[in-house]
Amino acid sequence: MGLVLSLGFLIGLAFFISYLYQIFYIFVPFIKDEPPTPAGRRNRMAVMISARNEAGVIKHLLESIKAQTYPQELIEIFVVADNCTDNTAEIAEGEGVHVYKRFDDINIGKGYAMHYLMDQIKAEFGENYFDGYFVFDADNVLDSHYIEEMNNTFSCGYEILTSYRNSKNYGDNWISAGYALWFLRESKYLNYPRMLLGTSCAISGTGFMFSKRVAKELDGWDYYLLTEDIQFTVDHVINDYKIGFCKRAMLFDEQPNTFRQSVRQRMRWARGYFQVMCHYGLDLAKTTIEKKSWSCFDMSMNIMPAIILTLLTTVINGAAFITGLIVGEDIIPVLMGIAMGLLSMYILFFGIGLLTTVTEWRNIYTTTWKKIKYTFTFPLFMMTYMPITFMSLFKHVEWKPIVHSESKSLADIKECG
């Protein structure tokens, strides 16, 4: 049992060392000011939306795009109705946007839908018509200055750019709040410090854009792993692209609010991280060493240590507990070690959640009581990643659409606060 406790200590130490630099990130927004962003040249933008049975939510996204302060004549909206069995396509057509219907029961997933949509845009408009390409999910809603702010930062020379990710349904329950608080933390204390320090940021699912140059190099969309956003990020960081971040461009999306749906989604994410690690791990390590690339090191830390160390902790503690029961050894030290480890994790995630809640208080649209309550449940949400990650190794994991039902306009969202 002493060996188990020693291994647990070493794993905890490895985790601390691996992510020590992210503690430094926390202080960056408080000690470094962002230089002012001048108004950029007016670029012509394509907005790409992949939608599968999103009739309940897509209209609010389209309305928020049409309500942008950015000139509407420079925005073209494209929707791919991907394997839809509802009237998503008809609703989008009623809003006067470009709609393409795709039916393919073999090549399933957002990556394939994106490839199809980019091919259609290229065929209809050519590869030089648009300066930039936005990617949104159908459940998103944009702040009215979103495209204008993204364009200003994009005009500073970034080829790829992501934005501040907020949530439509923070106050539903502890699950939706757990997601929302993590994404707020990712925006404020990961991507924003990276931007201030001049290193590369990371794409997180939705709410990003890329340039005409990137679109030409892609010649479609060839990212089909279970976490295609992380695959896109890592591939471009390895190839010396610096992904920017615009904190003034705020996007709201819907978070799962049932545990079953959350487990299914996060199992896909966990398996997707393994896929990215297998496909790009060696290239990340090689580029980190050969080019002394901090961005590649940072992305390596994002996809590798946490998931590996989490698995090791789960396997070692589980094996020690079962072995102790079988051979009749005293398992109290093992239980105490597990309890101390869980307590340490709770304190760590509580600190992260508390800091994010306090500093982003005005951007969290729910009641004061729920902001406080879900700060305490946030660590529990994060700790459920341990069994979910373990399960992802043994269960069949595939892309499945997430059901979206939060039909809210921007005004509806802000009324919740």
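Sequential numbering from 1 along the given sequence is applied to the chain's residues.
The ring pair (Phe, Tyr, Trp, His ring centres under 6.0 Å) with Tyr179 is formed by just one residue from the set Tyr385, Phe378, Trp269; it is Trp269. For the salt bridge (charged side-chain N to carboxylate O under 4.0 Å, His left out) with Glu360, the qualifying choice from Lys188, Lys247, Arg185, Arg165 is Lys188, the only one to do so. Residue Phe78 is tested with Tyr116, Phe130, Phe134 for a ring pair (Phe, Tyr, Trp, His ring centres under 6.0 Å); the sole match is Phe130. Here the rule is ring pair (Phe, Tyr, Trp, His ring centres under 6.0 Å) with Phe208, and of Phe245, Tyr164, Phe154, Phe232 only Phe232 fits it.
Proximity of Leu380 to Tyr346: side-chain heavy atoms (C-beta onward) are separated by under 4.5 Å at one or more points. Pro379 is not listed as a side-chain neighbour of Met345, based on a closest heavy-atom distance of 4.5 Å or more. In this structure the side chain of Ile65 reaches within 4.5 angstrom of the side chain of Ile49, judged on heavy atoms. With contacts defined as side-chain heavy-atom distances shorter than 4.5 Å, the pair Tyr70/Met150 does not qualify. Here the side chains of Met382 and Ile352 are not in contact, with every heavy-atom distance at 4.5 Å or above.
A donor and an acceptor atom, one from each side chain of Asn151 and Asn43, are located under 3.5 Å apart. For the residue pair Ser211 and Glu159, a side-chain donor N or O sits within less than 3.5 Å of a side-chain acceptor on the partner. Side-chain atoms of Arg44 and Tyr129 form a donor-acceptor pair, as typed in the model, at a separation below 3.5 Å. Remark: the Tyr189 side chain and the Thr359 side chain contain an N/O donor-acceptor pair separated by less than 3.5 Å. Side-chain contact annotation: Asp229 with Gln231, donor-acceptor N/O pair under 3.5 Å absent.
A donor-acceptor pair under 3.5 Å links the side-chain atoms of Thr233 to the main chain of Ile203, judged by distance alone. Although no hydrogens or angles enter the test, the distance criterion places no donor-acceptor pair under 3.5 Å between the side chain of Thr227 and the main chain of Ile230. Checking side-chain atoms of Arg248 against main-chain N and O of Thr153 turns up no donor-acceptor pair under 3.5 Å. Formation of a donor-acceptor pair under 3.5 Å by the Thr288 side chain with backbone atoms of Phe297 is found in this model. Between the side chain of Glu254 and the backbone N or O of Ser405, at least one donor-acceptor pair lies under 3.5 Å. Side-chain atoms of Asn166 come within 3.5 Å of backbone N or O of Asn363 as a donor-acceptor pair. A donor-acceptor pair is defined here as one N or O able to donate and one able to accept, closer than 3.5 Å; no such pair exists between the side chain of Glu127 and the backbone of Ala215. The main-chain N or O of Ala202 is found under 3.5 Å from a side-chain atom of Asn191 such that the two form a donor-acceptor pair. At distances below 3.5 Å, not a single donor-acceptor pair connects side-chain atoms of Ser167 with backbone N or O atoms of Tyr170. Not a single donor-acceptor pair under 3.5 Å links the side chain of Ser144 to the backbone N or O of Gln68.
Closest approach of Asp143 and Leu410 over heavy atoms only: CA-CD2, 4.0 Å. Residues Glu398 and Arg268 approach most closely at O-CD, 4.2 Å, considering heavy atoms. Pairing each heavy atom of Asp104 with each of Asn107, the nearest pair is OD1-N, 3.0 Å. The two residues Ile175 and Ser262 have their closest heavy-atom pair at CG2-CB, 3.8 Å. Residues Arg194 and Ser200 come closest through the heavy atom pair CD-O, 3.3 Å. Taking each heavy atom of Thr37 and Glu34 in turn, the nearest pair found is OG1-OE2, 4.3 Å.
Using a 30° and 60° split on the angle between ring planes, Trp221 and Tyr223 fall in the perpendicular class, above 60°. Between Trp174 and Phe381, the two ring planes are perpendicular [angle over 60°; tilted spans 30° to 60°].
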Evaluate salt bridge (Lys or Arg N to Asp or Glu O under 4.0 Å) for Asp219 paired with Lys122, printing each intermediate quantity in order.
CA-CA 9 Å; Asp219 194 25; Lys122 181 179 177 180; 2.9 Å; yes

Assess the residue pair Glu217 and Tyr241 against the criterion (side-chain contact (heavy atoms from CB on, under 4.5 Å)); give the C-alpha distance rounded to whole Å, side-chain angles, the decisive distance to 0.1 Å, and a yes or no.
CA-CA 12 Å; Glu217 291 178 355; Tyr241 279 93; 2.4 Å; yes

Run the salt bridge (Lys or Arg N to Asp or Glu O under 4.0 Å) check on Asp82 and Arg52 step by step: do they pass?
CA-CA 5 Å; Asp82 185 38; Arg52 181 166 181 172; 5.1 Å; no

Apply side-chain contact (heavy atoms from CB on, under 4.5 Å) to the pair Lys291 and Asp240, showing each step before the final yes or no.
CA-CA 10 Å; Lys291 296 185 178 181; Asp240 293 329; 3.0 Å; yes

Take Thr206 and Asn140, measure what side chain to side chain donor-acceptor pair (under 3.5 Å) needs, and give me the verdict at the end.
CA-CA 8 Å; Thr206 185; Asn140 298 162; 2.6 Å; yes

Leu61 and Glu95: side-chain contact (heavy atoms from CB on, under 4.5 Å), yes or no, with the steps?
CA-CA 11 Å; Leu61 169 60; Glu95 293 296 318; over 6 Å; no

Please walk me through it: do Met48 and Tyr133 pass side-chain contact (heavy atoms from CB on, under 4.5 Å)?
CA-CA 7 Å; Met48 301 188 297; Tyr133 296 77; 4.0 Å; yes

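The neighbour count for Tyr21 OH, taken as heavy atoms of other residues, nucleotides or ligands under 6.0 Å away, is above 12. Atom CD1 of Ile31 sits in a crowded spot, with more than 12 heavy atoms from other residues, nucleotides or ligands closer than 6.0 Å. Annotation: Lys286, atom NZ; neighbour count of heavy atoms from other residues, nucleotides and ligands within 6.0 Å does not exceed 12. Taking a 6.0 Å sphere around NZ of Lys216, one finds it holds more than 12 heavy atoms contributed by other residues, nucleotides or ligands. Environment of NZ in Lys59: sparse, with no more than 12 heavy atoms of neighbouring residues, nucleotides or ligands closer than 6.0 Å.
The line from CG of Leu181 to OG1 of Thr375 is 6.0 Å long, rounded to the nearest 0.5 Å. Distance CG/Asn152 to SG/Cys246: 7.5 Å, rounded to 0.5 Å. Here Leu62 contributes atom CG and Leu142 contributes atom CG; the two are 10.0 Å apart, rounded to the nearest 0.5 Å. With rounding to the nearest 0.5 Å, the separation of CD1 in Ile160 from CD1 in Ile243 is 4.5 Å. Atoms CD and CD1, from Glu406 and Ile413 in turn, are 9.0 Å apart once rounded to the nearest 0.5 Å. For the atom pair CD1 (Ile303) and CG (Asp298), the distance works out to 11.0 Å, reported to the nearest 0.5 Å.
A salt bridge links Asp137 with Lys110; the closest basic N to acidic carboxylate O contact falls under 4.0 Å.
Every residue was checked against the salt bridge (Lys or Arg N to Asp or Glu O under 4.0 Å) condition with Asp139, not counting sequence neighbours, and none meets it.
Residue pairs meeting the ring pair (Phe, Tyr, Trp, His ring centres under 6.0 Å) criterion with at least one partner in residues 27-52, sequence neighbours excluded, do not occur; the list is empty.
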